[in-house]
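Here's the structure we're looking at; comments come further down.
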Amino acid sequence: MDGDITLRLDRATAEDLYATLYEVGEHIAAGAPITPPTREEVERGARLLADLGHSLGRKCSPYCEHLA
């Protein structure tokens with residue numbers, strides 16, 4: 001489909017994304033606490049957001065690794 005964006009996720013990142021979206025939804029719906037992410041989850045999430053931003057054509061930070 002025209003304008004679609006496809007990202008490939010490794011299983012760990014996909015699991016992190018699912019858990020994050022689920023916990024945020026639960027927090028909003030029922031006030032359940034959101035578990036703080038591990039350092040590894042934060043790193044995978046940052047890579048996911050950078051990849052998604054690039055796919056959307058967002059302007060990168062001057063510190064973005066692909067600009068080096």
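These numbers come from the heavy atoms of this one structure, side chains and all, not from hydrogens, waters or symmetry mates. Note that the structure is a prediction, hence the values are computed from the model and not measured.
Looking only at distances, no side-chain donor or acceptor of His27 sits under 3.5 Å from a matching main-chain atom of Ile34.
In the hydrophobic clustering of this structure, Leu7 groups with Leu56; members are Ile, Leu, Val, Met, Phe, Trp, Tyr whose side-chain heavy atoms approach within less than 4.5 Å, directly or through other members. Tracing side-chain contacts under 4.5 Å through hydrophobic residues (I, L, V, M, F, W, Y), one reaches Leu21 starting from Leu48; they form part of the same cluster. No continuous path of hydrophobic side-chain contacts links Leu17 to Val24 [ILVMFWY only; heavy atoms under 4.5 Å].
Across every non-hydrogen atom of Thr35 and Glu23, the tightest pair is N-OE1, 2.8 Å.
Side-chain contact of Thr13 with Asp16: a donor-acceptor pair under 3.5 Å is absent, judged by distance alone.
Once rounded to the nearest 0.5 Å, the distance linking NE2 of His54 with CD1 of Ile5 reads 12.5 Å. Rounded to the nearest 0.5 angstrom, Glu15 CD and Arg11 CZ are separated by 5.0 Å.
Taking 4.5 Å as the limit, every side-chain heavy atom of Thr20 sits out of range of all side-chain heavy atoms of Pro37. Asp10 is listed as a side-chain neighbour of Arg44, based on a closest heavy-atom distance under 4.5 Å.
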